Peer 1: 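Please find one structure pasted underneath; my questions will follow.
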Amino acid sequence: MELPYRGLTNFITELRATRTRVEEYTRVADEAHHIREVYMDKKNLDGYNKRKYSLKLMFITVMGFTADFGHLEAIELIQSENYEDKQIGYLTLSTFVNERSELLLLMNQSLLNDLTSDNRINRCLALTFIANCGNADTAEVLINNVAKILTDPRSSTFLLKKSALCVLHLYRKNPDSIQPEQWIQRIQTLLQHTDAGVLTALMSLLHGFAVANPNIFAKLIPHVCSLLYRVIISNGVTGDYVYNHIPAPWLIIKGLQFLQLYRELPDEKCVKDVLAVLKRIVNTDNKHFVSISQTSKAIKKQNAMIAVLFESINLAVKMPQQLPVYNRALQHVRAFLLVNDPDLRYLSLEAAASLCVVDPENTGNDPNFVAIVEKALGANDMSLKRRAIDVMFEMCSSTNSGTIVANMLSFLESSTEEIKEELSTKIAILAEKYPSGIEWYVDVMFRLLQSGGPSCPSSIWMRTAQIISSHEKMHQYAAETSAVTIRGINVFSSILKLCGYILGEWSNLVAADIATPEEIVNSIIMHLHETTDEQTSFSETLSVLLTSLSKIGVRHPSTRTVVEEELERHRGDWNSDSQETALGFRALIKDTAEEAPAVFLNIPTFPVKESILLKDLKKKEEEKGVVVRESHHLKGLLKQADWEDDEAEINIEQPPSPTPTASPLISSQPGQPAPSKPSEPEASKDDTLIDFGDMLLDMGSSQKQASPTTQPEQSNTDLISSLFGSFGPGPTQPVAQAPMNKERVLSLLVSGQGLLWENQDVGVHVKHQYTAGEGRAQLAFTNKTTNLLCSVSVAVDTSHPLAPPESALTVQLQPMAGNQISSTPLMLNIVLLAQGGFTNPPILTFSYIQGLQTTNASFFLPSPPTSFFSVPSPAPSSEIYNNMWNQFKQQPNRATHKIISTRSPLNPALLQSIIGLLQSTYHFHLLPGYSSNKQVICLVSALALKNKTPIPVLLTLQPHMDNGNVNVAFDYASPSPEVVNGLSDWMIGQISDL
Amino acid sequence: MKIVTNRRKDYTHFLEYKNMKLVFRRYASLYFVAGVDANDNEMAYNEVIHLFVECLDEYFGSVCELDLVYQFWKLEMIADEIFLGGEIQETSRSVVVNRLRQLDEEE
């Protein structure tokens, strides 16, 4: 082929001939100098030369040098009417610009001219450039012009493809520049298009929109299902869109990825379509995907088919109830795991990780499967290894944790550094989550720290120390293990810190035949001597060891002299921190020997919070942009049932309570002010420490843990509180009264978050929201004192006369991350499910111990029935509303009539604010013209119920403004008398205050 | 790019790199690498690389490395017809090649 632009060809040839980077650089610099001169002169600068020099600069840029001139000349090229000029101008500019480039600003006018040009090719060039290089500003200025091309029915297939991807790019750069919901109709129309290229680009646009707004685009699921059916089953594509015998594989993949965004398909037709498609794909015989050559034994893969197959498997895994399809998918994954091709094994491991979540029976509980995955763990290829670790992590459960953790540990010992950190974090999480015994946990963690060595993040030993200290039964075993471990030499610093910490706390639990206190002290001192001053990272270890040495010295007087000598030795340390620590402790031990034991108290138990390890892992996954797999390990809090068992046993050892358990209602205790005193709700907003994102994440945690966790804690507290009750100033007197936080509940109906209740010790902040009969609330208990509040327990009070019956409102408390409130707030997540009409919001009882005092309290959650009110969507017409009402015909309609006198004289403005309040706070919808009497204002709403038909509520208002009457007559009607009562009690008080 | 070129033949064609995956294919001494979202379909991009190479082959007529170096802007033009804004735009080889021929006539 004859090459255009001879000067350019020569330049490239010369550059290729250079032997060193320096030579190459010199040649580029010469050329740049030459081009700059030509540009300055502007002589001989015709179209051909402009293009040639632009291309040279482009080549220089592509080779990794920067060309910081020639930009304006390139812009001149795109302003030319000649196609070649424009084409090369745009290409050059696309290598010059970056996100923040001011060049883009200079180009806006030219881009606009080309977008609105009559010439299709000019429009295509501008679209291509914007789709590759446009930034947020471009989106603001030009998106409407791009959108016009996509909506224009006359646009050619090329314009449609390019404008669709251009809209997507600009939407990603600037999500506010466009409203995706306005595109539903156009996308729906274009999904009928016959050109597979247009459909491929369009599916990308739809997928991109739907990832960010899944609910809005759920409407298009049926259209995508029938598109897939059309393409695969009815052979809807022709020509070379059929690629290696598969119709439009990339289009199918986008469609399948779109469907994976949704939990379920909306109707039978969709299920039918999708099943037909999936069946066709997964029922294809294995040999169509992979064939082994008879002669060379090489594996020949049909990549496109494999790509489609694995995307189908991803979707099939989400539908395990569709057994035939699911089982075939499973068979494929298992078969490919055994194939001797790294790519196929990689893909099947990836698929296996999601299989583990839905189907432990065929994965983690199947020894064959586990063996296959372990084999992949031994591969040299890091990509395969990473996937295998993922699968191991996902398939671990309480039944197989012993083997899996052991295997991962032995793998850790032989693995390379780059993977150790991730691996050791994962092992630590699994060991904590599925411990098969106390000794097992301690052994695993010690081995993990030893094998992981310096690669173990320090969060691991800290977390281990937390877990051990909060589980008393572990103390002795951990202390003895530490005493043995610390005798060794070449102990890594993280394990040294853990041993030091444990021995400092519980050296007295070590049996004398394992190690005497003197031996322990000697071992610690040995490690203190072993290290040299250069090890700067050692200073943390040093201070842990010095602290534990001092604690042991105080606890065992026989070791005191040795300890004092060692502390004395650190007087001359180069490190000022350790010098200070040593001197301080020495002074304490030596000079104030009687007080020292009080200073060196055992550290109080840690409140078990969400593991820092899990947080680290989550953060990493999010950074990677991984849509977090529905992994059971990454969800919820780490307080596990296995640990709970231990605590339950401890409870049993307590002496039984001689008195009946305290009433959960507020108990007034002598010497304590009334627990609830209302204050300004605004004051609380700033110190709301709840992260809403966390809240949503935590909400995903499994609900079934709620009852086993809260129950033992409840009994535990009652037990202790009754024990302490007898020491206290007097027996607690239960007083039945309504919770005191009604005012706050009313203000929370508007704000969605704020202070719910407080007394002198504790503040409870809440965030809450309601959709479709389901409410979610997160409470944050904050400690206002400087003391630790222990034995915190929260329960739902269903026996209170005001409490809604359980059949009407289910209140589920999720497990809390501990039962103490320290300086960080304690979180409680609550799920509320409305099942029928009810009157009052649910009541929680709450108790805690501070010092020797037990405090009991109760408060309303901010969830009266009106919280669940939602105006039917779309906004009801009178006719729709009548239909809703008629569904309840057989039930007696209950109506209540009340006349309210407002505090200030009734006038149109006040009336307007009453209606405003009803709409904003109580979710009523104005229904003009529903009543024939024009004086009557009709408002409607409905109590949304979980998975049931909503209960309609009608409210009519008749203002009496004439005759000097300042009354409003309210008429409610609803099939559910409870709802009517709820409205009367909660709303009318607020309205009459207006 | 050493991590790709130094990779052993019997390893996977997928590599985790920063927050994405690199999917690559090798043609003699030429490597084609695509950066893909971590949870996207690796094999689909592996194969679209092949489609790209087939288009190059048909357009240049038995493509070789020199074509791609000396007419690097054509390479970009072809890429712009198959990919756009980080997504796949067109998957029919004949549509892509005919389009390029048509554009060449404009010159």
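This one's a predicted model, so the numbers in the text were calculated from it and none came from an experiment. Atom set for the values below is all heavy atoms of this structure, side chains included, hydrogens, waters and symmetry mates excluded. Lettering of chains follows the sequences in order, A, B, ..., and the numbering in each one begins at 1.
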Peer 1: So which part of A:Thr13 gets closer than 4.5 Å to some heavy atom of chain B, the side chain, the backbone, both or neither?
Peer 2: both
Peer 1: Under 4.0 Å between a Lys/Arg side-chain N and an Asp/Glu carboxylate O for B:Glu81 and A:Lys162?
Peer 2: yes
Peer 1: For chain A, which of B:Val95, B:Leu66, B:Leu103 has the most heavy-atom pairs under 4.5 Å?
Peer 2: B:Leu103
Peer 1: Given a strict heavy-atom distance threshold of 4.5 Å, which part of B:Asn41 is in contact with chain A: side chain, backbone, both, or neither?
Peer 2: both
Peer 1: Where does the angle between the aromatic ring planes of A:Tyr90 and A:Phe129 fall among parallel (under 30°), tilted (30 to 60°) and perpendicular (over 60°)?
Peer 2: tilted
Peer 1: Please look at A:Leu8 and chain B and tell me whether the side chain, the backbone, both or neither of the residue comes under 4.5 angstrom of a heavy atom of that chain.
Peer 2: side chain
Peer 1: Please lay out, stage by stage, how A:Glu311 and A:Lys254 fare under the test salt bridge (Lys or Arg N to Asp or Glu O under 4.0 Å).
Peer 2: CA-CA 9 Å; A:Glu311 211 55 73; A:Lys254 272 287 172 207; over 6 Å; no
Peer 1: Find the distance between CG (A:Asn132) and NE2 (A:His169) and round it off to the nearest 0.5 Å.
Peer 2: 7.5 Å
Peer 1: What are the two closest heavy atoms between A:Val211 and A:Leu261, and how far apart are they?
Peer 2: N-CD1, 3.8 Å
Peer 1: A:Leu168 versus chain B, heavy atoms under 4.5 Å apart: side chain, backbone, both or neither?
Peer 2: side chain
Peer 1: Nearest 0.5 Å, please: how far is OH in B:Tyr31 from NE2 in B:His13?
Peer 2: 9.0 Å
Peer 1: Non-hydrogen atoms of chain B under 4.5 Å away: do they reach the side chain of A:Arg345, the backbone, both or neither?
Peer 2: neither
Peer 1: For A:Ile12, is it the side chain, the backbone, both or neither that has a heavy atom under 4.5 Å from a heavy atom of chain B?
Peer 2: both
Peer 1: Look at A:Lys86 together with B:Glu106 and state whether they make a salt bridge at an N to O cut-off of under 4.0 Å.
Peer 2: no
Peer 1: If I measure from the heavy atoms of chain B, does A:Ile121 come under 4.5 Å with its side chain, its backbone, both, or neither?
Peer 2: side chain
Peer 1: Name the member of A:Asp343, A:Leu165, A:Ile306 that forms the most heavy-atom pairs with chain B at distances under 4.5 Å.
Peer 2: A:Asp343
Peer 1: Hey, can you tell me if B:Phe83 and B:Phe52 have their rings parallel, tilted or perpendicular (30° and 60° cut-offs)?
Peer 2: perpendicular
Peer 1: Let me know if A:Phe59 has heavy atoms under 4.5 Å from chain B in its side chain, its backbone, both or neither.
Peer 2: both
Peer 1: Of the backbone (N, CA, C, O) and the side chain (C-beta and beyond), which part of B:Phe72 lies under 4.5 Å from a heavy atom of chain A, both, or neither?
Peer 2: side chain
Peer 1: At a 4.5 Å cut-off on heavy atoms, which part of A:Asn380 comes close to chain B: side chain, backbone, both, or neither?
Peer 2: both
Peer 1: Do the charged groups of B:Asp104 and B:Lys74 touch, with an N to O distance under 4.0 Å?
Peer 2: yes
Peer 1: Between A:Leu170, A:Asn244, A:Leu91, A:Thr200, who has the most heavy-atom pairs with chain B when the cutoff is under 4.5 Å?
Peer 2: A:Leu91
Peer 1: Under 6.0 Å from the ring centre and within 45 degrees of the ring axis: does the NZ or CZ of B:Arg99 meet both conditions for the six-membered ring of A:Phe158?
Peer 2: yes
Peer 1: Top residue by heavy-atom pair count (under 4.5 Å) with chain A, among B:Arg93, B:Glu42, B:Arg8, B:Glu76?
Peer 2: B:Glu42
Peer 1: Side chain, backbone, both or neither: which part of B:Leu51 has an atom under 4.5 Å from a heavy atom of chain A?
Peer 2: both
